[in-house]
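Below: the structure, in structure tokens.
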Protein chains: 2
Amino acid sequence: MDDETAPQKGTVTQRAIERIKAMIGEGRLEPGQRLPTERDLAVQLGISRSSMREAIRALTVLGVLEARHGSGIYVTQLEAGDLLETFGVVADLSRGPRLVELLEIRRILESTATALAAARITADQLAEVEKHLAAMNATDDPEEILAHDLAFHREIAVAAGNETMAAILEGLSSRTFRARVWRGYQEEGAFARTRREHAAIHRALAARDPEAARAAAAAHVGEVEEWLRAQLGPQGRSPGPDVPPLT
Amino acid sequence: MDDETAPQKGTVTQRAIERIKAMIGEGRLEPGQRLPTERDLAVQLGISRSSMREAIRALTVLGVLEARHGSGIYVTQLEAGDLLETFGVVADLSRGPRLVELLEIRRILESTATALAAARITADQLAEVEKHLAAMNATDDPEEILAHDLAFHREIAVAAGNETMAAILEGLSSRTFRARVWRGYQEEGAFARTRREHAAIHRALAARDPEAARAAAAAHVGEVEEWLRAQLGPQGRSPGPDVPPLT
DNA sequence: ATCCGCGAGGTGGTCGGACCACTATGCGCC
DNA sequence: GGCGCATAGTGGTCCGACCACCTCGCGGAT
């Protein structure tokens with residue numbers, strides 16, 4: 001009754017976003033459930049369809065809603081992967097010192113995840129890890145190496161048993177992020193070193209040795225971290241060509 | 001030249017989002033810089049103002065852009081706090097087993113951050129920590145305790161020297177998140193224990209003892225984590241009163 | 001000459017309607 | 001009974017208008 005008088009805080013779109021978020025938070029909207037149509041929702045919240053669409057778009061990019069053309073709007077499964085997809089944006093837009101900070105976080109999480117994986121990994125999962133390890137060593141195509149490298153670490157993160165952590169690590173290792181950092185790193189003949197480090201991680205996993213796994217993973221990420229730190233130190237500028245701002 | 005023919009992938013809004021993100025990623029749009037008007041941008045990208053507004057709204061909720069009514073659209077400083085604000089959404093919308101996973105991640109990061117802080121914290125920062133510790137012990141108002149509790153950990157995270165990690169921890173400790181979990185936790189007379197744990201963390205910081213700090217922080221978060229795990233185990237339901245879905 | 005105030009222009013915010021693209025459903029035809 | 005197409009309904013896009021708010025410069029008062 002008392003909420004009929006508009007609180008008038010912020011834009012109507014922002015209010016609509018909060019309303020829908022609240023509905024989900026309170027359990028009035030279950031994962032996978034279909035929402036009313038844009039037009040109905042707009043009427044229910046007393047706003048125009050344009051504003052409602054902006055709210056839906058916002059919740060869509062956040063991974064909370066999913067719009068299917070011609071079908072309807074649905075709540076996602078609200079799983080870690082859905083909601084943490086935006087984490088990749090942070091990695092992609094960060095540069096300079098923040099890249100080092102992101103790698104530091106990845107080192108902390110990746111080492112812990114690898115240690116957990118050493119204790120929990122199943123035979124099947126270990127076989128999957130070995131598959132990517134072999135594929136990584138069997139080709140010279142940087143694209144393919146990168147893909148299997150990502151899958152290698154992803155499999156380990158999943159084996160650690162924490163889906164959320166796996167999703168965060170996935171974001172911290174997004175294609176564009178690694179491509180940017182690794183472009184220079186691997187040009188310095190770091191392939192061999194990378195292979196040795198991956199082999200060490202695999203050995204620790206196969207031996208079910210959490211401490212060795214933690215150390216190997218920390219060293220693996222730490223190598224890249226140190227290299228990047230050194231890159232930024234001397235010149236203080238982020239890599240890449242300086243493109244003058246267009247009109 | 002070859003990009004003049006529309007690639008026709010996805011919705012025009014999604015394409016606009018990618019375009020603007022790319023402009024920022026390539027450095028053509030600097031942090032803090034003002035963008036052209038919505039109307040001009042729409043013309044430049046060859047889409048309607050409505051679609052452009054949806055793209056801008058999307059980038060706004062991601063913390064990449066900031067729209068000031070009557071003034072213009074600006075690129076944010078792209079700092080950790082700006083981009084990771086959405087991380088709180090994850091915490092707010094997660095429930096059940098995922099809450100435990102989030103606490104596990106917080107335990108890993110918070111313990112490491114506290115260890116780093118023990119080695120790096122300045123006298124001023126330590127005084128600030130003590131201020132919040134004292135304020136926390138001087139009141140019985142749960143709201144105020146929660147606020148100083150958040151500030152206590154935030155100050156430590158900042159002292160660790162990794163802004164990004166501080167921002168993530170901030171998201172993992174968002175008001176609504178903690179309020180939900182702590183409501184039940186603190187009702188079990190955990191105030192005294194919490195105060196002891198905070199005191200232990202402070203002692204380790206004052207003694208500049210990283211290992212003790214790591215252990216104290218891990219135990220602090222671990223306590224809540226274990227309690228929550230126990231809550232979820234027996235009944236398999238998320239805590240809190242079972243409110244029947246409202247109409 | 002300096003300062004203050006107010007008004008005009010420009011900006012994002014909201015609205016309503018129209019049409020297009022796609023999907024799903026069911027009815028009728030084979 | 002099964003298949004295919006017409007159709008209604010959905011999200012996607014566009015347009016034009018108006019509103020609320022901020023900014024800046026012009027003009028007058030001091």
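So that the names make sense, note that chain A is the first sequence line, chain B the second, and so on, each numbered from 1.
Side-chain N/O atoms of R49(B) and base N/O atoms of dG13(C) include a donor-acceptor pair closer than 3.5 Å. The base of dC14(D) has none of its N or O atoms less than 3.5 Å from a complementary donor or acceptor on the side chain of S51(B). Looking at R39(B), its side chain has no donor and acceptor atom pair within 3.5 Å of the base of dG10(C). No donor-acceptor contact under 3.5 Å links the side chain of T37(B) to the base of dG12(C).
Rounded to whole Å, atom P of dT13(D) lies 8 Å from atom NE2 of H69(A). For the pair E38(B) CD and dT14(C) P, the interatomic distance rounds to 10 Å; values are reported in whole Å. Atom P of nucleotide dG12(C) and atom CD of E54(A) are separated by 12 Å, given to the nearest angstrom. Counting to the nearest Å, the C1' atom of dC15(D) and the CD1 atom of I47(B) are 14 Å from each other. The distance between atom CZ of R68(B) and atom C1' of dA20(D), rounded to the nearest whole Å, is 18 Å. Taking atom CD1 of residue I56(A) and atom P of nucleotide dT13(D), one finds them 13 Å apart after rounding to whole Å. In this structure, the CZ atom of R57(B) is 6 Å from the P atom of dT14(C), given to the nearest Å. Between the CZ atom of R34(A) and the C1' atom of dA24(C) there is a distance of 10 Å, rounded to whole Å.
Counting any heavy atom pair closer than 4.0 Å across all strands shown, T11(A) reaches sugar-phosphate atoms only and no base atom.
For the atom pair CD1 (I168(B)) and CD (E163(B)), the distance works out to 12.0 Å, reported to the nearest 0.5 Å.
Between the side chain of S173(B) and the main chain of L169(B), a donor-acceptor pair closer than 3.5 Å is present. Side chain of S94(A) to backbone of V90(A): a donor-acceptor contact under 3.5 angstrom is found.
Of the listed residues (T76(A), V75(A), T60(A), I73(A)), just one forms a side-chain contact (heavy atoms from CB on, under 4.5 Å) with E66(A), and that residue is T76(A).
Regarding contacts with the backbone of dT13(D), a side-chain N or O of T13(B) is found under 4.0 angstrom from either OP1 or OP2. One finds no side-chain N or O of S71(B) lying less than 4.0 angstrom from the OP1 or OP2 phosphate oxygen of dC22(D). Look at R53(A) and you'll find a side-chain N or O under 4.0 angstrom from OP1 or OP2 of dG12(D).
With salt bridges taken as basic N to acidic carboxylate O contacts below 4.0 Å, one links E128(A) and K131(A).
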